[in-house]
Amino acid sequence: MNGSKEANGIECGGDAAKHFGFASGYRNLNHGSFGTYPKEIRSLVHHYQEEAEARPDPWIRYEYPRLLDESRAAVAKYINAPPSTIVLIPNATTGLNTVLHNLVYQPGDAIIYFATIYGACEKTVDYICETTPATSHKIDFTYPISDSTLLSLFETAIYHLKSSGKNPKLAIFDTIVSLPGVRMPFEQLTALCKQHSLLSCIDGAHGVGHIPLDLSKLDPDFFFSNAHKWLYTPRACAVFYVPERNQHLIRSTLPTSHGFIPAPVEGKVVDNPLPPSGKSDFVTNFQFVGTMDNSPYLCVAAALEWRSRVTWKGKRGEEAIEAYILPLARESGRIVASALETEVMENAEGTLGKCNFSNVRLPLSYAEVAGSDRGKAVKIAQWIAKVLVEEYDTFIAIIFYAEAWWVRLSAQVYLTSQDFEWAAGVLKEVCVRVGKGEWER
Amino acid sequence: MNGSKEANGIECGGDAAKHFGFASGYRNLNHGSFGTYPKEIRSLVHHYQEEAEARPDPWIRYEYPRLLDESRAAVAKYINAPPSTIVLIPNATTGLNTVLHNLVYQPGDVIIYFATIYGACEKTVDYICETTPASSHKIDFTYPISDSTLLSLFETAIHTLKSSGKTPKLAIFDTIVSLPGVRMPFEQLTALCKQHAILSCIDGAHGVGHISLDLTKLDPDFFFSNAHKWLYTPRACAVFYVPERNQHLIRSTLPTSHGFISAPVEGRVVDNPLPPSGKSDFVTNFQFVGTMDNSPYLCVAAALEWRSRVMWKGQRGEEAIEAYLLPLAREAGRVVSSALETEIMENAEGTLGKCNFSNVRLPLSYAEVAGSDRGKAVRIAQWIAKVLVEEYDTFIAIIFYAEAWWVRLSAQVYLTSQDFEWAAGVLKEVCVRVGKGEWER
């Protein structure tokens, strides 16, 4: 008798897989990039879209804000933040852009970030530094390193900037790096920011639903996280947390819209054509940011409810999800590294892998297959990704990093170790083809 | 025999109404704010969303860009612009923000705009003027005025600014104003901008699918238009046109994302993790702007195809739509103003109403019902809007303008003059209730 198959329970593995809309035969080994969500939540999104077309104005002007507040409250509770600090935005990229655009920079202000910053975020920093007095300071390093080394590099950077007359204003760091997919010591980094009077800006793209978060305890200056990655909401839906002490710093949404309150000008009257909301300026500002279909924002409670029904070895809900995915991620790395006879990216203390990713090096020599040419190395990575899609009906995230190719495996409730055994075989085959020069033809 | 009911043809009026998803009994008299789209296009959006979950990475990285290009080409053809000048963005607010954020302002640079600018756009101008060296110049006037007067006001503003040592850099104006809903002489304004070496930034929110547009002939410096308003695509989908001569001015999307090309820095390598596109930098930049569900972008061809099947009095497609809507809009104004014994907002030459809107004044005295208090007047407008939703199952856009309340009626293929006769009766009743002070309780 299967004791864990309670009424409504969703057992991790094959049972959970039935809840998702993957094409038959497609193996989604890259949940980390774009996430996905259960089919029953698609029905909910469709319901909201139908409601929107049934009565567009009433829905958008009156109903949606009410449901939005329910979603905000649900997320706030889930990550232990006051609802007044939580708004929803499309994605983490928008979160980072919102923070960086709103801050006012004086000459000498420096934005600190790490070499592993998400690409679009680095480009945003570049754009800000081109168009404002801010400069940036990139902390270069190569994984694997220990947390203490990384923290030490951070403090060194701060000291270095201060002693050269610069003002480190803001530090950007991740909960979990995108590529390679490794956990950062973000709690300690946040504490160091406080200690040295820097604003902490946490890119938690891989955060909510991936690792437990307590925003009240963490107390960063800015935090954003994609709910459509690991929380099982549809795209696009992300959480943006700004503690009340900092809300005056975030004057405008991106784009600027009706909720913006201009600096007062004598005699000038500008109305907000939307109904009065009775909420704080910060919350009202993010309530309407240009016409969008924000139905995904309204799916937070449903996503949390679905998660609460997940089971694994007698556990339920968040505990079950964590108890299944973390070991599966470790197992996936072991299986693939063993089959490829390479290694998992990890430091001595084993902190990088405390997440749902595992990064495994491919058995390819940079010098041999790419002639130590970085451009070629990138093309090889792109070729591998394409071949996996076109011939093996899967997607595996691949990065050229530290003069080697690494795959980032994403564990998920709809996968089993068998999927990673399969992946190991496929990767082995594809690497042989790379070695034969097939990527060049 | 009904000769116009060809196979597949959609006759304006009751027949067309069946194609939309309105709640039974709901009368959508405010198409202008949020638009809507035929039910068969919802099926298409759902199809795309299913494809996205069937194989998330392959869809987003490889399939979607291909289909996006098809949509761009369809829109480009429709408004006679080279495809290389056309990208898709979520909405007009994003378009205006993208232009204003990207421009680089020197002290003395001035942004000219009209008193009738869309609220969120004015707030964007305010934000830009607070955070950059730009200043703004608002051309105040009150409708109704003739086109020649408006054009003269524009030229006067330019001369005034120049003779006081300022540099008019950019002028923002609409194809059709939002509230009140009136047509602007945007072709002549564009020509004047060229003549005086000012960048023309046209907010064509009400543009594509509403009035015929020839971007090659019009040749503005920047143009954006919501496809989800009058073109019948789902929300959110807008066209952003930037002629090749200006594309170097638009360095970043909003938010900045992977396609941004940083100013070159010695020794620095930054990869775009997405597959190489083989397209111009401008087009590639707008191809991915943070994770979003951009399925609406892919519905342009389907929307155009649906429109091509619309019929009216033997005409088909775009001609049928225009032949039905323009007279219906005029009729709507006549019917309602006649019943209310007030007037339509129009100038002597009759140019304001050359669009699908009609603006009618409500029979309410500012002094009598609001004690000449603007705050009360705005509350009255909000009360009327709410009562129409809650008690009459309709939405009519209402604005307090020039010390009077005006309704903006939107003609549409799914409406008939009977809908506006009904609206007239409802508005009459509601105005009586306002006069009795019901809004204050």
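Because the structure is predicted, anything quoted here is derived from the model rather than measured.
Taking each heavy atom of P56(A) and N28(B) in turn, the nearest pair found is CD-OD1, 4.2 Å. The shortest non-hydrogen separation linking N102(B) to Y127(A) is OD1-OH, 3.3 Å. Residue N91(A) comes nearest to G290(B) through the heavy atom pair ND2-C, 3.6 Å, listed as atom of the first residue, atom of the second, then distance. Contact detail for T291(A) and A236(B): the closest heavy-atom pair is O-CB, 3.2 Å.
With hydrogens and angles ignored, the 3.5 Å screen pairs a side-chain donor or acceptor of K123(B) with a backbone N or O of H258(A). A side-chain donor-acceptor contact under 3.5 Å links N97(B) to the backbone of T256(A). No side-chain donor-acceptor contact under 3.5 Å links E130(B) to the backbone of P262(A).
Comparing G21(A), P90(A), A397(A) by how many heavy-atom pairs each has under 4.5 Å with chain B, the most go to G21(A). In terms of non-hydrogen atom pairs under 4.5 Å with chain B, the most contact-rich of A120(A), S33(A), A263(A) is A120(A). Between chain A and the options V104(B), L100(B), N30(B), the largest number of non-hydrogen pairs under 4.5 Å is found for N30(B). Taking T94(B), V45(B), I261(B) one by one and counting their heavy-atom pairs under 4.5 Å with chain A, the maximum is reached by T94(B). Among A23(B), S252(B), P255(B), the residue with the largest count of heavy-atom pairs under 4.5 Å with chain A is P255(B).
The side-chain heavy atoms of L254(B) and L254(A), taken from C-beta on, include a pair separated by under 4.5 Å. Proximity of R42(A) to H46(B): side-chain heavy atoms (C-beta onward) are nowhere separated by under 4.5 Å. Between D57(A) and Y26(B), the closest side-chain pair of non-hydrogen atoms falls below 4.5 Å.
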Practice task
Could you go through the side chain to side chain contact (heavy atoms under 4.5 Å, CB included) check for R55(B) and T394(A) one step at a time?
Solution key: CA-CA 8 Å; R55(B) 295 180 173 85; T394(A) 185; over 6 Å; no

Handout entry: Candidate pair I60(A) and R235(B), rule side chain to side chain contact (heavy atoms under 4.5 Å, CB included), full reasoning
Key = CA-CA 11 Å; I60(A) 292 170; R235(B) 271 161 245 116; 4.2 Å; yes

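Under the 4.0 Å criterion applied to side-chain N and carboxylate O atoms, E53(B) and K39(A) are not assigned as salt-bridge partners.
Only the side chain of D393(A) has a heavy atom closer than 4.5 Å to any heavy atom of chain B. Of the atoms belonging to D140(A), not a single heavy atom falls under 4.5 Å from chain B. Heavy atoms of R27(B) lying under 4.5 Å from chain A are absent altogether. At a 4.5 Å heavy-atom cutoff, A238(A) makes no contact with chain B through either its backbone or its side chain. At a 4.5 Å heavy-atom cutoff, F20(A) makes no contact with chain B through either its backbone or its side chain. Of the atoms belonging to Q49(A), heavy atoms from both backbone and side chain fall under 4.5 Å from chain B. With a 4.5 angstrom heavy-atom cutoff, H101(A) touches chain B via backbone and side-chain atoms both. Of the two parts of K229(B), neither the backbone nor the side chain holds a non-hydrogen atom closer than 4.5 Å to a non-hydrogen atom of chain A. At a 4.5 Å heavy-atom cutoff, the contact between F260(A) and chain B is made by backbone and side-chain atoms alike.
F395(A) and Y62(B) have tilted rings, their planes meeting at an angle from 30° to 60° on a 0 to 90° scale.
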